[in-house]
Amino acid sequence: MAKILDGKAIAAEIRAEVAGGVAELLERGVRPRLDVVLVGDDTASATYVRMKERDCAEVGIDSRVHRLGAETPQEEIAALVERSNAEAEISGFFIQLPLPEGLDATPLVSAIDPSKDVDGLSPLSAGRLAVGLPSLLPCTPHGVIQLLRRSGVEMEGREAVVVGRSNLVGKPLAQLLLRENATVTVCHSRTRDLTAVTRRAKILVVAAGRREFIGAEHVGEGAVVVDVGIHGKEGGGLVGDVRFEEVEPVASMISPVPGGVGPMTRAMLLYNTLQAARAQAEATVAG
Ligand code: NAP
């Protein structure tokens, strides 16, 4: 029986730590604040934003949502980004993606000040991560690292394979695993003989965005398997990129869907908001 990498429990632990950090800042008169830019009426995005508001309330972070119509011009959102960069009350903010058709997310995300980039997805934040400078880390990959670390998984010197090379998950995760001194291989849709590569992994992280794609044949005996994928099931519920029932007997540890990486991602957003608020409070004192 594989041990379950319990994202739900570890995320609760992180939320409790964040709540403690927020309480300390409040004592110093600083209230961390997270702003969200939500454009259009995508149902899934609206649900995610509501969950993030609830998460903030639970740990004492103030949150504001800027709800803009799908027809909002690019320049108006760009102006909001500039105002949010300048507004001292805002610790961090992000633009909920995807944006409606006709809007270009890249220049908007690129304009977010790295000190407020709580999603950690701007090119500046990505560059800082790549060269080893301090930065706010992208929530999902950082959530994966915390899940592994806090479950006692040793990464140093071990072969880690990441399936997926998106800017959101795969690439930053490879950087973070390198920072943990893992030996990292990144697979993608052009990888030849994926099975041979994934079977080598002592730590296998799957972020391919393909429903129940990874089976027992892809996994070496005793590997640690982290499933980043999220897919809705017909009739309700969620599944991941990994065929859990089939892989669980082969793995030594495995993250479930739901209850694995999902709650970790949400917790890391709160963590980043606290980090940003702390750094800004210290800069104010020092300045
Ligand atoms: P994405 O942008 O679609 O990227 C998928 C990656 O997987 C691409 O790099 C693609 O390769 C690779 N891939 C696709 N098919 C493959 C195959 N047959 N063999 C090997 N590699 C393959 O997806 P994403 O944004 O990274 O998200 C991945 C999954 O994680 C999705 O299910 C998403 O919903 C989920 N997700 C979950 C959370 C969470 O909090 N749990 C957060 C973010 C995302 P190419 O580059 O060659 O196309």
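Atom set for the values below is all heavy atoms of this structure, side chains included, hydrogens, waters and symmetry mates excluded. In listed order, ligands and their atoms are each counted from 1.
A donor-acceptor distance shorter than 3.5 angstrom exists from the side chain of Thr47 to the backbone of Thr43, with no hydrogens or angles considered.
When side chains are defined from C-beta on, Val228 counts as touching Val205, because their heavy atoms get closer than 4.5 Å. Residues Leu270 and Arg15 meet the side-chain proximity criterion, which asks for heavy atoms closer than 4.5 Å. Side-chain contact between Val197 and Arg200: present, with at least one pair of heavy atoms (C-beta onward) separated by less than 4.5 Å. The shortest distance between side-chain heavy atoms of Cys187 and Val161 falls below 4.5 Å. When side chains are defined from C-beta on, Glu53 does not count as touching Leu34, because their heavy atoms never get closer than 4.5 Å.
Counting protein heavy atoms only, atom 15 (N) of ligand 1 is closest to Arg210 CD, 3.2 Å. Protein heavy atom at the shortest distance from atom 22 (C) of ligand 1 is Ser189 N, 3.6 Å. Of the protein's non-hydrogen atoms, the one nearest atom 33 (C) of ligand 1 is Ile230 N, 4.3 Å. At the shortest separation from atom 46 (O) of ligand 1 among protein heavy atoms lies Arg165 NE, 2.7 Å. Protein heavy atom closest to atom 4 (O) of ligand 1, with residue, atom name and distance, is Ser166 CB, 3.8 Å. For atom 20 (C) of ligand 1, the nearest protein heavy atom (residue, atom name, distance) is His188 O, 3.1 Å. With respect to atom 42 (C) of ligand 1, the closest heavy atom belonging to the protein is Thr140 OG1, 3.1 Å. Of all protein heavy atoms, the one closest to atom 5 (C) of ligand 1 is Ala208 O, 3.4 Å.
Contacts with ligand 1 closer than 4.0 Å are made by side-chain heavy atoms of His231 only, the backbone lying farther away. In Leu168, the part holding a heavy atom less than 4.0 Å from any atom of ligand 1 is the side chain. Under 4.0 angstrom from ligand 1, there are no non-hydrogen atoms of Thr191. For Met264, no heavy-atom contact with ligand 1 is shorter than 4.0 Å. Contacts between Val228 and ligand 1 below 4.0 angstrom, taking non-hydrogen atoms only, involve backbone and side chain alike.
In the model, Gln280 has no side-chain atom that pairs as donor or acceptor with a side-chain atom of Lys116 under 3.5 Å. If you check the side chains of Asn272 and His142, you find no donor sitting under 3.5 Å from an acceptor. Between the side chains of Ser125 and Asp117, at least one donor-acceptor pair of N or O atoms lies under 3.5 Å.
Counting protein heavy atoms under 4.0 angstrom from atom 7 (O) of ligand 1 gives one or more.
If you take CG on Leu204 and CD1 on Ile214, they are separated by 6.0 Å, rounding to the nearest 0.5 Å.
For the pair Arg83 and Glu76, the salt-bridge criterion is not met [side-chain N within less than 4.0 Å of a carboxylate O]. Residues Arg64 and Asp35 are not paired through a salt bridge, judged by the lack of any N-O separation under 4.0 Å between the basic side chain and the carboxylate.
Every atom of ligand 1 with a heavy atom of Thr265 under 4.0 Å away is listed here by number and element: 39 (C), 40 (O). Shown in contact with Gly229 at under 4.0 Å from a heavy atom are these atoms of ligand 1, numbered in order with element: 29 (C), 30 (O), 32 (O), 35 (C). Atoms of ligand 1 found under 4.0 Å from any heavy atom of Val163, numbered from 1 in the order shown, are 20 (C), 21 (N). Within the listing of ligand 1, atoms 6 (C), 7 (O), 9 (O), 12 (C) sit less than 4.0 angstrom from a heavy atom of Gly164.
Taking distance alone, with nitrogen or oxygen atoms compared against 3.5 Å, Arg190 stays at or beyond that limit from ligand 1.
In this structure, Gly262 counts as a contact residue of ligand 1, since one of its heavy atoms falls inside 4.0 Å of the ligand.
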